[in-house]
Amino acid sequence: MDIALEQVGYTYAAGTPFQKQALHDVNVRIPSGSYTAIIGHTGSGKSTLLQHLNGLLKPTAGIVRIGDTQVTKETKGKQLKPIRRKVGIVFQFPEHQLFEENVLKDIMFGPLNFGVEEEEAKARALRWIERLGLPEGTAEKSPFDLSGGQMRRVAIAGVLAMEPDVLVLDEPTAGLDPAGRKEIMDLFYELHEQRDMTTILVTHSMEDAARYADHMIVMHDGMDVLQGPPGEVFADAERLAEWRLGVPRTVSFQRLYEEGAGLPPGPPALTEEQLAAYLAADLGKGGGAS
Amino acid sequence: MERILSLQDVRFTYTPDDPDGRHAVDGVSFDMHAGEWIAVVGHNGSGKSTLARLMIGLLFPQEGTVGLFGDTLTEDNLWEKRSQMGMVFQNPDNQFVGATVQDDVAFALENNGIPFEEMTLRVQNALKQVKMDTFLDHEPQHLSGGQKQRVAIAGALALRPRLLILDEATSMLDPQGREEVIRVILDLREKTGLSVISITHDLEEALLADRVVVMNGGRKFAEGTPQEVFLKGEALTELGLDLPFAMRLSALLGEQGIGTEPGTMTERKLVEQLWTLRSNR
Ligand SMILES: Nc1ncnc2c1ncn2[C@@H]1O[C@H](COP(=O)(O)OP(=O)(O)OP(=O)(O)O)[C@@H](O)[C@H]1O
Ligand SMILES: Nc1ncnc2c1ncn2[C@@H]1O[C@H](COP(=O)(O)OP(=O)(O)OP(=O)(O)O)[C@@H](O)[C@H]1O
Ligand SMILES: [Mg+2]
Ligand SMILES: [Mg+2]
């Protein structure tokens with residue numbers, strides 16, 4: 001399912017003193033099956049953009065295309081239901097999507113709402129609870145009696161249990177412990193690969209964007225200012241700095257090394273493994289290069 | 001040195017009536033001196049936020065004591081102690097009380113009886129420190145995630161606390177924003193002797209602390225300087241933690257036959273070793 005935003009604008013609280021234009025003339029294309037990372041400093045419009053991807057917000061200008069469905073400011077609420085079952089969103093604050101009396105019911109809600117049988121919904125919920133590393137007994141607990149990271153895991157489980165075609169993630173690892181962060185990012189990647197799930201990740205972690213994404217969108221003050229593969233986006237640190245963004249730690253370390261060694265900047269190392277291989281090659285070790 | 005905080009054998013369970021109920025905090029002790037920066041790390045559900053709630057008296061331990069500024073925390077001295085502390089919660093939405101950003105930051109100051117003029121000044125200052133001074137009349141609920149966290153931090157700074165407790169307070173800031181906020185707090189510590197407890201999953205941030213406390217399943221697993229704690233290596237990764245970037249990279253380089261000094265934790269030290277290796281090649 002291809003997704004495209006054409007000349008999309010969004011204004012919060014239009015016509016009030018709090019009016020705030022959060023998106024200006026945004027044009028982006030997210031091809032079916034891609035893994036797209038969206039980066040941008042605080043308040044640049046990332047979460048606002050994401051909420052257009054399943055019709056939670058309707059553009060106040062322009063068109064959002066999600067597969068065959070077209071969303072404009074005139075689109076009626078009930079036309080959006082088919083989109084909501086195909087596009088699953090994990091929100092920035094997990095509390096915003098938890099509401100049931102216990103975790104099991106909370107995770108079952110999405111599948112049941114979209115017509116999955118009770119038994120199957122329960123089986124899925126239990127499977128995802130385990131897959132997300134939640135402690136025993138969590139299914140029966142109130143989602144509000146959990147730690148922050150446990151709530152995050154439940155919110156993710158709830159969205160995955162819907163088995164969406166498109167997975168939209170707004171800072172999904174905030175609050176996860178380092179091991180959980182890696183496991184869950186790897187899990188998203190696995191689903192992306194195995195089920196060809198279109199994945200859209202908003203993140204402040206340049207490392208995650210570099211490691212997992214094949215396409216990137218840079219937001220700045222409500223506008224899309226750059227789109228391209230991570231290798232290109234992270235090659236130009238100076239431009240990123242203009243948008244108050246930086247490069248992944250691997251790249252800043254690589255540049256530091258190159259500078260001290262008097263080397264010209266090489267292609268950015270997008271993962272720690274790539275960086276180690278690059279350094280080893282330069283030091284005449286490892287892969288055999290001199 | 002003055003003791004700001006002292007936990008002694010603190011135990012707490014959310015389910016005191018359940019005989020099989022787990023303790024969220026299970027016999028934890030540690031002390032903190034004035035001006036110290038302590039990072040608390042640990043897996044999800046290891047008891048970090050519960051510990052923070054015990055420190056500011058939102059919860060009271062079933063066993064053990066929490067000491068603050070030299071006295072044991074009780075229902076009677078709770079407000080007096082709390083007026084000297086600032087706390088930023090894991091989810092800023094749980095913290096907002098004011099209808100506008102400036103009312104929100106002013107709220108606790110008003111409660112502490114700060115005169116109007118000084119209050120206005122402090123609110124402005126605190127919001128400027130976190131770069132939110134152009135949002136005075138905005139509704140806190142209608143801000144972006146990172147903006148909410150900045151306002152919550154301003155609320156705690158405006159109190160000019162002696163002890164600041166941050167519960168993953170910068171988890172949704174962009175890397176630059178995170179650095180800026182940390183610098184502001186380090187600066188305050190320098191100038192005012194502020195003591196800081198920072199609960200975090202960001203191990204690079206933990207490296208900046210004077211001391212790191214590692215929680216595991218409600219217990220204190222380790223305590224020491226970042227150097228001492230991260231030298232535990234594998235033992236930490238088994239607890240759901242990780243090692244700082246420089247240590248991970250050193251390990252990967254080791255696999256490629258490039259030896260670096262064990263326990264190199266900062267990027268600066270690592271790159272210097274690599275430059276030396278290169279020139280001795
Ligand atoms: N409900 C709302 N009402 C009014 N303004 C809003 C609302 N939500 C967000 N805004 C404003 O719109 C702009 C974009 O916000 P958005 O949440 O999209 O940013 P973001 O890129 O997700 O930031 P962050 O990284 O901090 O989460 C911000 O200036 C914010 O203050
Ligand atoms: N209000 C509550 N009622 C019942 N149990 C709770 C409550 N809050 C937390 N718990 C449980 O207490 C334990 C410790 O939780 P706590 O929130 O202190 O963990 P944490 O270390 O802060 O985790 P995280 O990194 O996920 O924020 C967890 O097992 C959690 O499920
Ligand atoms: Mg956001
Ligand atoms: Mg917590």
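A, B, ... follow the sequence lines: proteins, then strands. Residue 1 opens every chain.
- Both the backbone and the side chain of A:Y257 have a heavy atom closer than 4.5 Å to some heavy atom of chain B.
- Looking at B:E255, neither its backbone nor its side chain comes within 4.5 Å of chain A, counting heavy atoms on both sides.
- Proximity to chain B is absent for every atom of A:R181, based on heavy atoms less than 4.5 angstrom apart.
- For chain B, no part of A:L134 is nearby; none of its heavy atoms comes within less than 4.5 Å.
- The contact between A:L176 and chain B is made by backbone and side chain atoms together, counting heavy-atom distances below 4.5 Å.
- In this structure, the portion of A:S147 lying under 4.5 Å from any heavy atom of chain B is its side chain and not its backbone.
- Only the side chain of B:D93 comes within contact range of chain A, with at least one heavy atom under 4.5 Å from a heavy atom of that chain.
- The backbone N or O of A:D282 sits nowhere less than 3.5 Å from a side-chain atom of B:R278 that would complete a donor-acceptor pair.
- For chain A, no part of B:Y14 is nearby; none of its heavy atoms comes within less than 4.5 Å.
- A:T250 touches chain B through backbone and side chain together, each having a heavy atom under 4.5 Å away.
- At a 4.5 Å heavy-atom cutoff, the contact between B:L203 and chain A is made by side-chain atoms alone.
- Looking at A:Q92, the atoms closer than 4.5 Å to chain B (heavy atoms on both sides) sit in the backbone and in the side chain alike.
- Here the side chain of B:N44 pairs no donor or acceptor atom with the backbone of A:Q150 at under 3.5 angstrom.
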